[in-house]
Peer 1: 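Structure provided below as structure tokens; questions to follow.
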Amino acid sequence: YKFITRDAWDGSLGAHHGRLLDDGILYVARFEEDGSARWLPLLFGENGLTTENGFVDQADVLVHARAAADIVGATKMDRPEWITVHPHNDEVFVSLTNNSDRGQQDNVGKDAANPRNQNLFGHIIKFSEADATATEFSWQVFVLAGEGEGEQFANPDGLNIDDRGVLWIQTDVSASVLNDGAFKQFGNNQMLAADPATGEIRRFLTGPVGCEITGVIMTPDMKTMWVNIQHPGEMLDVLQRRGINKS
């Protein structure tokens, strides 16, 4: 989704800034097979968002945005998680962590932007807009997790691009499947560094058993980094039954 305000921000942090979200249009994305895409407006009375389809006014459309998105023909995505913007060229990266039910529910099978049924491992989408108010853009799959050359990972979650343009990818494999079955090959959750230009990805760190890696920030001189390690040791009883040491 994207919200475009009616008024431009004037650079202040005063009352005008606080009212910017009062007026504008909420859009939802439709990804086409040829790498093009459109932002579709969610406006009451247009494109099927009518009383005949169960909407009573614009507020109702916004409260039930997901149902409205289905009616206007938006692309159903595989659990979008984090978004980050490249500081040099404004490319937008979106992590889609997984969707094990794609192809099984609501007759929604794979499409170009979500190219796998039973998408256990997730993927990352990259798209480019002429500017923040554009209603058309281009897109591509940046990486399919669990496939290809280089470092293997699953369930991309946290994303951040530093001032150099390095894309940091953090993973969130559920503790219920961590180090088991199809996920055994990946080990614990991890953080990776990717080159957006070449697609090269290298592992930077691995977290303790049972944790999720989520959130990162660096000092302006880029000499110090903080990384969030969330709920380490979660579901230790499950992990111990698999013979995985809790330390």
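Atoms considered below: every heavy atom in the structure, side chains included; atoms not considered: hydrogens, waters and symmetry mates. Each residue takes its place number in the sequence, starting with 1.
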Peer 1: Are Val61 and Phe3 connected into the same hydrophobic cluster when the rule is that any two of I, L, V, M, F, W, Y join if their side-chain heavy atoms are below 4.5 Å apart?
Peer 2: yes
Peer 1: Could you tell me the separation between the CZ atom of Arg19 and the OG1 atom of Thr5, rounded to the nearest 0.5 Å?
Peer 2: 13.0 Å
Peer 1: Write down the atom of Gly122, the atom of Asn155, and the distance for their closest heavy-atom approach.
Peer 2: N-ND2, 4.3 Å
Peer 1: For the residue pair Ala113 and Ile125, what are the closest heavy atoms and their distance?
Peer 2: O-CD1, 3.5 Å
Peer 1: Please round to the nearest 0.5 Å and tell me the distance separating atom CG of Leu192 and atom CD of Gln152.
Peer 2: 10.0 Å
Peer 1: Would a distance-only check, ignoring hydrogens and angles, find a side-chain to backbone donor-acceptor pair under 3.5 Å from Gln58 to Phe44?
Peer 2: yes
Peer 1: Does any N or O in the side chain of Asn53 come within less than 3.5 Å of the main-chain N or O of Leu49, such that one atom is a donor and the other an acceptor?
Peer 2: no
Peer 1: Is there side-chain contact between Met77 and Arg79, with heavy atoms separated by less than 4.5 Å?
Peer 2: no
Peer 1: For the pair Asp162 and Arg164, find out whether any cationic side-chain nitrogen is under 4.0 Å from an anionic carboxylate oxygen.
Peer 2: yes
Peer 1: With Leu159, which of Ile169, Val216, Val94 fulfils side chain to side chain contact (heavy atoms under 4.5 Å, CB included)?
Peer 2: Ile169
Peer 1: Flag yes if more than 12 heavy atoms outside Ile217 fall under 6.0 Å of its CD1 atom; otherwise flag no.
Peer 2: no
Peer 1: Using the ring of each side chain (for Trp, its six-membered ring), is Phe93 parallel, tilted or perpendicular to Phe142, with breaks at 30° and 60°?
Peer 2: perpendicular
Peer 1: What are the two closest non-hydrogen atoms of Pro41 and Ile25, and how far apart are they?
Peer 2: CB-CG2, 3.9 Å
Peer 1: Which one of Arg38, Glu33, Glu32 satisfies the side chain to side chain contact (heavy atoms under 4.5 Å, CB included) criterion with Ser36?
Peer 2: Glu32
Peer 1: Can you tell if the side chain of Met191 reaches within under 4.5 Å of the side chain of Val227, non-hydrogen atoms only?
Peer 2: yes
Peer 1: Determine whether Ile161 and Met218 fall in the same hydrophobic cluster, where Ile, Leu, Val, Met, Phe, Trp and Tyr are linked whenever their side-chain heavy atoms lie under 4.5 Å apart.
Peer 2: no
Peer 1: Hey, what do you get for NZ (Lys110) to CG (Asn99), rounding to the nearest 0.5 Å?
Peer 2: 14.0 Å
Peer 1: If you measure from the Lys or Arg side-chain nitrogens to the Asp or Glu carboxylate oxygens, is any gap between Lys2 and Glu129 under 4.0 Å?
Peer 2: yes
Peer 1: What I want to check is whether the side chains of Thr171 and Asn189 have a donor and an acceptor closer together than 3.5 Å.
Peer 2: yes
Peer 1: Return yes if some donor-acceptor pair links the side-chain N/O of Thr75 with the main-chain N/O of Arg30 below 3.5 Å, else return no.
Peer 2: no
Peer 1: What's the verdict on side chain to side chain contact (heavy atoms under 4.5 Å, CB included) for Val72 and Leu42, showing C-alpha distance, side-chain angles and the deciding distance?
Peer 2: CA-CA 8 Å; Val72 301; Leu42 297 179; 3.8 Å; yes
Peer 1: Side chains of Lys126 and Trp139, heavy atoms from C-beta outward: is any pair under 4.5 Å?
Peer 2: no
Peer 1: With a 3.5 Å distance limit and no angle check, can you tell me whether His86 reaches the backbone of Pro196 through a side-chain donor-acceptor pair?
Peer 2: no
Peer 1: Are Val166 and Ile213 linked, directly or through intermediate hydrophobic residues, by side-chain heavy-atom contacts shorter than 4.5 Å (ILVMFWY only)?
Peer 2: yes
Peer 1: Is there side-chain contact between Phe183 and Leu178, with heavy atoms separated by less than 4.5 Å?
Peer 2: no
Peer 1: Can Trp82 and Gln170 be counted as having a side-chain donor-acceptor contact under 3.5 angstrom?
Peer 2: no
Peer 1: Do the side chains of Leu96 and Val85 join up, straight or via other hydrophobic residues, at under 4.5 Å, putting them in one cluster?
Peer 2: yes
Peer 1: Heavy-atom distance under 4.5 Å between the side chains of Asp111 and Arg102, does that happen here?
Peer 2: yes
Peer 1: For Glu81 and Pro156, which heavy atoms make the closest approach, and how far apart are they?
Peer 2: CG-O, 4.4 Å
Peer 1: Is there side-chain contact between Thr219 and Trp226, with at least one heavy-atom pair below 4.5 Å?
Peer 2: yes
Peer 1: Check whether any side-chain heavy atom of Pro232 lies under 4.5 Å from a side-chain heavy atom of Val209, and answer yes or no.
Peer 2: no
Peer 1: Cut-off 3.5 Å, side chains only: do Asn119 and Asp78 have a donor facing an acceptor?
Peer 2: yes
Peer 1: Quick one: CZ on Phe186 to CG on Asn179, what's the gap to the nearest 0.5 Å?
Peer 2: 11.0 Å
Peer 1: Measure the OG-CD distance between Ser174 and Glu234 for me, rounded to the nearest 0.5 Å.
Peer 2: 6.5 Å
Peer 1: Give me the atom names and distance for the closest heavy-atom approach of Thr214 to Gln230.
Peer 2: CG2-OE1, 3.0 Å
Peer 1: For the CG atom of Leu20 and the CH2 atom of Trp9, what is their distance to the nearest 0.5 Å?
Peer 2: 9.0 Å
Peer 1: Name the orientation class of the two ring planes belonging to Phe137 and Phe31 (parallel below 30°, tilted from 30 to 60°, perpendicular beyond 60°).
Peer 2: perpendicular
Peer 1: Between Thr133 and Asp131, do the side chains contain a donor N or O and an acceptor N or O under 3.5 Å apart?
Peer 2: yes
Peer 1: Please answer: with hydrophobic residues joined when any side-chain heavy atoms are less than 4.5 Å apart, are Ile4 and Val92 in the same cluster?
Peer 2: yes
Peer 1: Looking at Ser95 and Thr97, would you say the former's side chain and the latter's main chain have a donor-acceptor pair under 3.5 Å?
Peer 2: no
Peer 1: Is there a side-chain contact between Val141 and Ile124 in this structure, where contact means two heavy atoms from C-beta onward sitting under 4.5 Å apart?
Peer 2: no
Peer 1: Using atom types as modelled and distance alone, determine if a side-chain donor or acceptor of Asn188 lies under 3.5 Å from a backbone N or O of Gly207.
Peer 2: yes
Peer 1: Verify whether the ring centers belonging to Phe121 and Phe153 lie closer than 6.0 Å.
Peer 2: no
Peer 1: Which atom names give the shortest non-hydrogen contact between Ala182 and Leu120, and what distance separates them?
Peer 2: CB-CD1, 4.3 Å
